[in-house]
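This report concerns only the one structure given below.
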Amino acid sequence: MSHSDDFDNLPISQRAMARPPSAPMLDANYLEGLNTEQRDAVETTDGALLVLAGAGTGKTRVLTTRLAHILNQRKAWASQTLTVTFTNKAAREMRERAEKLIGDEAQSLSWLGTFHSVSSKILRRHAELVGLESNFTVIDTDDQLRLLKQIIEAENIDTKRWTPRFMAGLIDSWKNRAVTPDRVPAGEAHEFANGRGIEIYKTYQNRLKVLNACDFGDLLMHCIAIFQNNPSVLADYHSRFKYILVDEYQDTNVAQYLWLRLLAQGTGNICCVGDDDQSIYGWRGAEVDNILRFEKDFPGAKVIRLERNYRSTAKILACASHLITSNQDRLGKTLHTEDEDGEPVKVRGIWDGEAEARLIGEDIESWRSSGRTYSECAVMVRASWQMRLFEERFIMLGIPYKVIGGPRFFERAEIRDAMAYLRLIRSENDDLAFERVVNQPKRGVGAASIQKVQIVAREMERPLTVTAEIMMRGNEIRGKAQSGIRTFLNDLERWRAQARDIEHPRLMEIILDECGYTDMLKADKTPQAQTRLENLKELVRAMGEFDSLNAFLEHVELVMDASQGNESDDQVQILTLHGAKGLEWPLVFLPGWEEEVFPSKRALEEGGLKSLEEERRLAYVGITRARERCYISFVANRQIFGRWQSVMPSRFIDELPPQHVDAVSETGYSTAPDGMSNSGFNNVSRFDEEASFGGSTYDSPGWKRAQARRTSDGWPQKKRPPDIEGTPRKEKMSDKESGAGLELGQRVFHIKFGYGKITQIDGTKLTVDFEKAGVKKVVEKFVEAA
DNA sequence: TTCTTCACGCTTTTT
DNA sequence: GCGTGAAGAA
């Protein structure tokens with residue numbers, strides 16, 4: 001992105017001219033307004049430093065000010081600092097804020113970016129060291145899955161039983177831990193098709209090399225390999241990077257940790273900023289351990305805690321802090337504020353999801369009519385399926401809203417198709433792109449014909465495009481497929497020629513029109529076709545912002561988010577808790593706090609205690625997003641995947657400090673059937689009387705339908721297909737019988753009852769003395785060592 | 001080859 | 001409840 005690359009590469013004389021001695025020192029007033037700890041974190045520039053920055057303690061400010069301070073103190077040129085973030089958004093924000101502090105010099109922060117973009121930049125300089133060319137492509141998940149599917153099928157393994165997705169997950173988890181094919185632990189090798197996973201991993205890596213491609217994990221893996229095997233290259237980066245800054249350190253995985261450690265060995269000047277209580281990406285390989293172990297990994301490291309919160313009212317903060325103390329694995333911080341108490345956090349029990357959406361809609365309307373704005377409100381859910389209800393309700397009420405983090409622009413099918421055409425123009429080696437669009441739009445080239453070409457291509461070791469051309473000449477393909485491939489190849493040839501003297505956005509239009517894609521969408525009368533056409537127009541527009549086709553393609557591969565405009569619109573934000581990190585609103589709604597929804601059922605089944613703690617951190621993140629008001633709610637009945645279920649309030653609700661909470665029943669929770677306890681919620685709202693309101697109160701159609709589906713025990717019928725033998729599946733907590741490996745007197749954890757000590761063992765039956773309930777209970781399942 | 005039908009399975013998300 | 005993906009039918 002930045003053009004003025006490295007000062008390091010300039011002769012000293014030119015460096016001096018590039019930056020005259022009279023360059024104004026920044027006013028030191030950028031340090032003003034920082035508290036003692038923040039200032040300490042900014043000024044401790046040398047050595048290893050861990051900044052434990054709690055929610056709302058000014059983390060980004062410290063990071064950017066620190067960067068400015070290093071430059072201002074003339075400790076390094078901008079190009080000698082390395083700053084890594086996780087998302088493009090965070091990188092963009094850092095750059096913008098740095099620009100405000102140091103002006104144009106921020107342009108020279110050429111090593112500020114995501115782990116992946118920095119890695120890709122490094123890798124392009126040394127690609128030959130790992131057998132790639134410097135113009136390698138970065139493939140995304142979709143291409144990755146199709147590639148894996150081919151490989152697994154070629155190995156004659158049933159792709160239904162051993163899905164490419166599962167294999168992709170394994171490869172991902174290996175790459176997250178920087179595990180190369182020859183280092184896969186024996187135990188994990190058996191997880192896929194009786195140990196053939198390693199073979200597939202190897203073949204996959206080889207295929208990538210042939211395609212001159214990388215997946216996202218490879219960007220880091222290859223860098224690590226280069227550093228480890230080429231001391232001179234590493235030494236070069238050691239002298240280059242005088243200061244290293246890392247954002248969101250709690251989200252680093254093992255590979256990223258190794259990457260950082262290799263680079264930090266040089267000067268030892270590394271500053272990591274993070275918050276162990278906000279680590280919510282364990283499921284994609286993040287290791288909280290990295291932050292917990294920091295002082296061991298970097299001996300002599302200093303740790304600074306930022307505990308003064310500038311965001312939330314005292315009551316909101318008290319709720320969040322109290323909740324998170326239920327977690328065992330933490331470094332421990334005590335957030336405090338000098339803000340006023342504010343309103344207590346409101347906890348509401350509601351009849352069902354529709355009533356919940358109605359109520360929140362009303363709250364937002366009254367917030368708005370009291371002179372506040374929609375954009376000051378956010379609804380944060382655990383899973384994206386929960387968003388639908390709110391969207392429907394907001395549409396009905398005419399509340400403007402915006403869903404954050406919906407389907408990504410560059411992941412839409414039509415955009416990916418268009419991109420595939422461009423990739424084929426760029427390089428005839430792009431087999432994945434060829435497969436994607438030979439028959440898109442339909443040219444009568446079916447699976448059978450494509451397979452024919454693939455077989456020959458493999459034998460000749462040539463790309464599909466070239467092979468197809470040769471087969472055409474040899475008349476080896478007949479019928480519809482013949483003419484289809486013929487026109488496809490001719491078109492490609494023509495477009496390639498045109499690419500040389502036509503502006504690339506115009507070329508895109510020509511391709512889409514001539515290949516029949518536009519016509520195909522125009523003929524399609526479904527409403528989606530219209531939006532697809534508009535998306536393609538947007539793509540053409542976006543291409544105009546880049547100098548060349550290559551520049552555009554390279555950008556898209558790493559920065560998969562289209563910058564969305566009109567941020568200034570006054571809209572309520574609907575987003576997932578994961579999407580909310582780093583953001584804040586005056587008014588925050590946290591609906592859906594029910595057991596098995598939040599904490600999510602899958603998380604508990606698969607990850608046990610570790611996941612439960614992560615879910616709790618998610619709750620913590622949610623509450624701490626609120627500045628002024630926080631509304632938590634749960635329902636008695638919820639439709640999940642179209643099935644009605646009675647649900648229990650989330651355990652997290654009972655973990656809130658009662659003195660800071662205002663608990664209310666809004667819609668007859670107290671009269672809920674199916675033996676639901678009323679949990680002390682006795683108020684009755686107007687919805688209870690107004691069954692005609694349109695939602696599903698007691699005698700609404702929705703409720704009747706739900707009743708009809710219920711079996712005699714009050715639970716919905718479930719169709720449970722028999723488990724297929726051999727189906728890969730992680731061990732569920734619910735399948736784990738207790739007793740195995742547990743001893744008398746051992747401290748254990750139970751998903752429902754919490755911590756306790758085993759007082760008696762009788763086969764699989766354990767008698768456990770639970771700390772919380774203060775009761776002895778006999779339990780058979782859901783127990784694990786604490 | 002393409003159209004139709006049936007079964008499955010389904011957090012979270014970035015790069 | 002909905003979209004995907006594979007097997008069978010035209």
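Residue numbers begin at 1 in each chain, while the letters A, B, ... track the order of the sequences. All values below come from the heavy atoms of this structure, side chains included, with hydrogens, waters and symmetry mates left out.
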Identify whether any heavy atom of Ala448(A) sits under 4.0 Å from a base atom; if not, whether one sits that close to sugar-phosphate; answer base, sugar-phosphate or nothing. sugar-phosphate

Torsion-based syn/anti label for dT12(B), 90° from 0 as limit: anti

Could you tell me the separation between the CG atom of Asn253(A) and the C1' atom of dT15(B), rounded to a whole number of Å? 11 Å

Have a look at Glu615(A) and say if it touches a base, only the backbone sugar-phosphate, or nothing, with a 4.0 Å heavy-atom cut-off. base

Looking at Asp172(A), is its backbone amide N or carbonyl O close enough to the side chain of Arg284(A) to form a donor-acceptor pair, meaning the two atoms are under 3.5 Å apart? no

What does Ser449(A) touch in the nucleic acid at a heavy-atom separation under 4.0 angstrom: a base, only the sugar-phosphate, or nothing? sugar-phosphate

What I want to find out is whether Glu391(A) reaches Arg388(A) closely enough, with some N-O distance under 4.0 Å, to be called a salt bridge. no

For Gln205(A) and Lys175(A), the nearest pair of non-hydrogen atoms, with its separation, is OE1-NZ, 2.7 Å

Candidate nucleotides dT11(B), dT12(B), dT15(B), ranked by approach to the side chain of Ser384(A) - the nearest: dT12(B)

Asn439(A) side-chain N/O to dT1(B) phosphate OP1/OP2 under 4.0 Å: no

Considering only side-chain heavy atoms of His578(A), which listed nucleotide, dT15(B), dT13(B), dT1(B), is closest? dT13(B)

Could you tell me how far apart Asn176(A) (CG) and dT13(B) (C1') are, to the nearest whole angstrom? 12 Å

Assuming nearest nucleotide by heavy-atom distance, tell me which of Leu618(A) and Arg443(A) is located more 5' along DNA chain B. Arg443(A)

Identify whether any heavy atom of Lys149(A) sits under 4.0 Å from a base atom; if not, whether one sits that close to sugar-phosphate; answer base, sugar-phosphate or nothing. sugar-phosphate

Would you say the side-chain atoms of Arg177(A) pair up with the backbone N or O of Ser173(A), donor to acceptor, closer than 3.5 Å? yes

Is the Tyr281(A) ring parallel, tilted or perpendicular to the His578(A) ring (thresholds 30°, 60°)? tilted

Quick one: Phe166(A) CZ to dC10(B) P, roughly how many Å, whole number? 12 Å

Separation of atom CD in Gln451(A) from atom P in dT1(B), rounded to whole Å: 11 Å

Would you classify Asp215(A) as touching base, sugar-phosphate or nothing, given that sugar-phosphate means primed atoms plus P, OP1 and OP2, and contacts are heavy atoms under 4.0 Å? nothing

Write down the distance between CG (Leu145(A)) and P (dT15(B)), rounded to a whole number of angstrom. 18 Å

Using ring centroids (six-membered ring only for Trp), state whether Trp259(A) and Tyr257(A) fall under 6.0 Å. no

When all nucleic acid strands are considered with a 4.0 Å heavy-atom cut-off, which category describes Thr114(A): base, sugar-phosphate, or nothing? sugar-phosphate

Between Phe86(A) and Lys480(A), the residue closer to the 5' end of DNA chain B by nearest nucleotide is Lys480(A)

Integer-rounded Å distance: dT1(B) P and Arg478(A) CZ: 14 Å

Nearest to the side chain of Arg284(A), which nucleotide is it out of dT12(B), dT13(B), dT15(B)? dT13(B)

Just compare dT12(B), dT2(B), dT15(B) and give me whichever is closest to any side-chain atom of Thr576(A). dT12(B)

Against the side chain of Lys442(A), the closest entry in dT2(B), dT12(B), dT14(B) is dT2(B)

For Lys89(A) and dT13(B), give me the distance from atom NZ to atom P, rounded to whole Å. 13 Å

Contact class for Val138(A) (heavy atom, under 4.0 Å): base, sugar-phosphate, or nothing? nothing

Distance check needed: dA6(C) P versus Glu153(A) CD, whole Å only. 8 Å

Kindly point out which of dT12(B), dT14(B), dT11(B) is positioned nearest to the side chain of Trp283(A)? dT12(B)

Choosing from dT1(B), dT15(B), dT13(B), which nucleotide comes nearest the side chain of Tyr281(A)? dT13(B)

